[in-house]
Every structure is written in structure tokens, then in C-alpha cells.
Protein chains: 2
Amino acid sequence: MRSLTEKQKRVLDFLISFTEKNGFPPTVREIGEHFGFLWSAARTHLKALERKGVIRLNRARSRGIEIPGLRPAQALRVPVAGRIRAGNPVLALEEIGDQIVVDRSLFSTEGAFSLRIVGDSMVDAGILDGDYVIVRPQESLENGEIGVVLLGDEATVKRVFFEEGAVVLRPENRHMPIMKYPPDEVRMAGKVIGVIRKI
Amino acid sequence: MRSLTEKQKRVLDFLISFTEKNGFPPTVREIGEHFGFLWSAARTHLKALERKGVIRLNRARSRGIEIPGLRPAQALRVPVAGRIRAGNPVLALEEIGDQIVVDRSLFSTEGAFSLRIVGDSMVDAGILDGDYVIVRPQESLENGEIGVVLLGDEATVKRVFFEEGAVVLRPENRHMPIMKYPPDEVRMAGKVIGVIRKI
DNA sequence: AGTTTAGCTATACAAATGTATAGTAGTAAT
DNA sequence: ATTACTACTATACATTTGTATAGCTAAACT
């Protein structure tokens, strides 16, 4: 494949960023408008890019530009739960207000959900008030992992240890007390696999 | 809003699943083909759904069905810089190894980039070793903000204060010393606007 | 000097897609 | 029974979008 000209590179970059932003490729006229020229010029660029093998033009459909190297769904959509209800057998996420997009290469779990942290109980683990935690739903935790635990209908994020006859919930905050519960009073909702903070 | 009929629900479900799968909504003819009827029937359904307030029909563009609540692709791709060079007038990101996808509703800045944190100098601000910080490029910082600072070609994340004749870089770690530099030895690369951690 | 190529304007036309209207049949509500 | 609505067929037409062709200019190449 012959190398691209500067202009062709810029057009290709626009195709990629437009597609990633909108989820679908631009029309020839949108390309022209963006660069300030007519669609026929855009069309010529597209045909040059196709001739050089970096895109494919899918006739017989509008917005039919295909970019082989472009990984399509790099984004995973995660619901932000306002409440979690301990349904049976599965947990029910309630008051889903929003969805946030996370990177599949970082958080690949289908079915993951998110919670907004309220309070300072985990500051020593780098989880601050207002942070989003990404949670992989699972019914059990390893000793010492940070997880989402249900106490009745209350969901809380703590570091979890298992002792004989007790589940120990340890806040990561020197000023807060460790709590112990009988195993039948707590239920694991999932493991915290990530943190996202907006400053 | 009046409730939807069974058929209208099925059409709406198809709109949603098609859009999530493909990234863009179907055409009226694709809807008709899927259900086995003509496009004019699909069109009537769409108008009924619009009348009932669950979708909007964006005239003046093809595939113009908008489903509120279903946001399109909210993904912003952010490069992860391995090095930052203090070019003039702009900074040069070097050794870009990867790109991560972040949520536009959280981090909307075009031109943002990301750095991988090495070390524990910011643990008390909830920024741990291995975290990604999202950075909005800017040449100056407000007093007390967390920013990316260039000392020569070395990039470091610190909380920044300005005193007379000195720039103060304060690590968020009790065991590390505060550093002061003459203003002409440091250069601001950007403000830390977010943190992403994979556990 | 002549030729090719990139990069554009201008315009025409074709195909895809959206929109509207007329009509039929069935169902539900008043 | 009448009205309104759903759910479709059939068809016409408007708009958007893709494609092609004929230029024109500048730069690069032979």
C-alpha cells in the first residue's frame, strides 16, 4: 500500500474520530463541511483511501464507510445503581439513574455495575466520597477483598474478612470501627474491580 | 403518556437492540423488513411512538430516530502518554502506548490525555500507584490544584501552590517532603481532572 | 516541456431513506 | 352505531446521501 498524503491522513483521522464519537461514519457531505470543501472533493479522498486499502466503501447503504483497523466496541456501558435490592436468586439494581462508559480493556466484565460512594469509610484505600466504584457481581469474596455487601437492603462498600462464625467488615479509615456480623445477616453483592473519580 | 401497545413495545425493543448492536438506529425499511411489513407501517409505528413521547424523530437526517435515555456512544478516547516532552509552544506526548475509553459525561475535554501513576506520592489524595489520571492540558493552575508538572523532561503529579518567587510542589503523602522550585524551572502540563483505577 | 497526481469547484444523476396520503380490516371504547 | 385507534397495504413524492464526470490549479515527477 502506498503511503497516505498529509491531507488523506487528516481525512482518515476525522473518519476515525467521528465514528468513535458518534458510533457511525460521516456522510461525504459532512466530511466536506468539516474540512470546508465540497462533497465531491471528500468523495475523491474516500476513493483514494479505498484505493490505498485503509477503508472500504460499502455501496448500497448510506454512511457505508468501513474502517478495518478500527476496533468497534471498545466501550462497555455500566449502569449506575441508586439502590440494590437483595432479590432471589439475583440481585435487583434499582433507581438506575445513569450509565457510564468504561474501557473494555480495563473493565471487561459483562454485567458489571457501578455505585456512587457516599462517605469517607474507604479513604485509606483511595476510595473517596463521590467516587464511582465498578463492581463485578458475585456471590462470594476472597478473604481481604474489597466488596459490595448487603446488610438487609443497605449496600455498603467495605474490605471483607471471614472469621469463624462471623463476617468482618473493615472500613479503610482509622477513625471508623470494624463491624462483625453473623454470616446469615450479610450477603455479598460483588467485588469492587475499579474506581473512577471526577475531580 | 398513554401506555404502549404490545406491538409498539416490540418495535421499541427492536429500535433499542438494533441501536445498541450497531451504534446507529435502523431505517424505516429495515424496521419493516425485520417485522415483515412495509415501511409505511413502520413509519406509522414510529409516529405513534413519537406521539407517546418515547422517541423523537429527527427530520433532516437519515436514521434520525432518537431514543432519550439511550445515549449514543458517549465514549471519549484518551491517549496514555509514556513521556511528555516540553515542546514549544505545545507539549508533545511521547511513547503513546495505549488508548483508554472514558465517559464523556465525566471527562468531556477534547485533547485530554492520561498518565500512569508511578509511586505513592499522592496516596493521601486517593491517587495510588498504577492509577491512571486523566489530564486536561493547560498552561497554568489555580493555587492548591493537583496538576501535572514538568521538571525538565520529567513529568510528575503533585498538588501545586504558588508562593512569592517559588512554586511549591506538595506530595499528598505524610512521609514525603515538600519541594520548592524557582518558577522558571517548572512548567505546568495540565490539571488532573480524574482518576481511574483497576483493582 | 510534458505528464501525472493531489486537491479542489461545479454539476448532474442515482440510490437510499424519510414522509405523506388513501384505503382496508379489526378492535376497543362511548 | 359511531367514533377512535391499531395495524397494516399500496403508492407517490421529497430529501438525504452516494456516485460520476468535467473541469481548474498547483506541485511533483520524467
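Here the structure is a predicted model, which is why all the values come from computation and not from measurement. Just so it is clear: chains get the letters A, B, ... in the order the sequence lines come, proteins before strands, and each one is counted from 1.
Straight-line distance from the CZ atom of Phe35(B) to the P atom of dT6(D): 16 Å, rounded to whole Å. Following rounding to the nearest Å, Phe24(A) (CZ) and dT17(D) (C1') show an atom-to-atom distance of 14 Å. One interatomic measurement links the two molecules: CG of Leu57(B) to P of dT16(D), which rounds to 15 Å at whole-angstrom precision. If you take CD1 of Ile31(A) and P of dC8(C), they are 12 Å apart, rounded to a whole angstrom. Summarising the geometry, the separation between CG on Leu49(A) and P on dA6(C) is reported as 11 Å, rounded to the nearest angstrom. For the pair Lys47(B) NZ and dA7(D) P, the interatomic distance rounds to 16 Å; values are reported in whole Å. Nucleotide dG18(C) holds its P atom 13 Å from the CD atom of Glu33(B), rounded to whole Å. For Leu38(B) and dT11(D), the CG to P distance is 9 Å, given to the nearest whole Å.
A sub-4.0 Å separation between OP1 or OP2 of dG7(C) and a side-chain N or O of Thr5(A) is present. Taking side-chain N and O atoms only, Arg29(A) has no distance below 4.0 Å to OP1 or OP2 of dG18(D). Between Arg10(B) and dA7(D) there is no side-chain N or O to OP1 or OP2 distance below 4.0 Å. Phosphate proximity of dG18(D) to Arg43(A): absent, as no side-chain N or O sits under 4.0 Å from OP1 or OP2. At dA7(D), one or more side-chain N or O atoms of His45(B) fall inside 4.0 Å of OP1 or OP2 (strictly under the cut-off).
Toward the 5′ end of DNA chain D lies the nearest nucleotide of Trp39(B), the other residue of the pair Trp39(B) and Ser62(B) mapping further downstream. When the nearest nucleotides of DNA chain D are assigned to Glu6(B) and Val28(A) by heavy-atom distance, the more 5′-ward of the two goes with Glu6(B).
One finds no salt bridge joining Lys52(A) and Glu50(A) here, because no Lys/Arg side-chain nitrogen approaches an Asp/Glu carboxylate oxygen to under 4.0 Å.
Put simply, the residue from Val160(B), Val167(B), Val192(B) that forms a side chain to side chain contact (heavy atoms under 4.5 Å, CB included) with Leu141(B) is Val160(B).
Counting only distance, with no hydrogens or angles, the side chain of Glu145(B) and the backbone of Glu142(B) share a donor-acceptor pair below 3.5 Å. In this structure, the side chain of Arg136(A) does not engage the main chain of Ala112(A) through any donor-acceptor pair within 3.5 Å.
Aromatic ring centres of His45(B) and Phe14(B): separated by at least 6.0 Å.
Considering only the side chain of Lys52(A), dA6(C) comes nearest among dA6(C), dT11(D), dC8(C). Each of dA7(D), dT17(D), dT19(C) was ranked by its minimum atom distance to the side chain of Thr27(A); first place goes to dT17(D).
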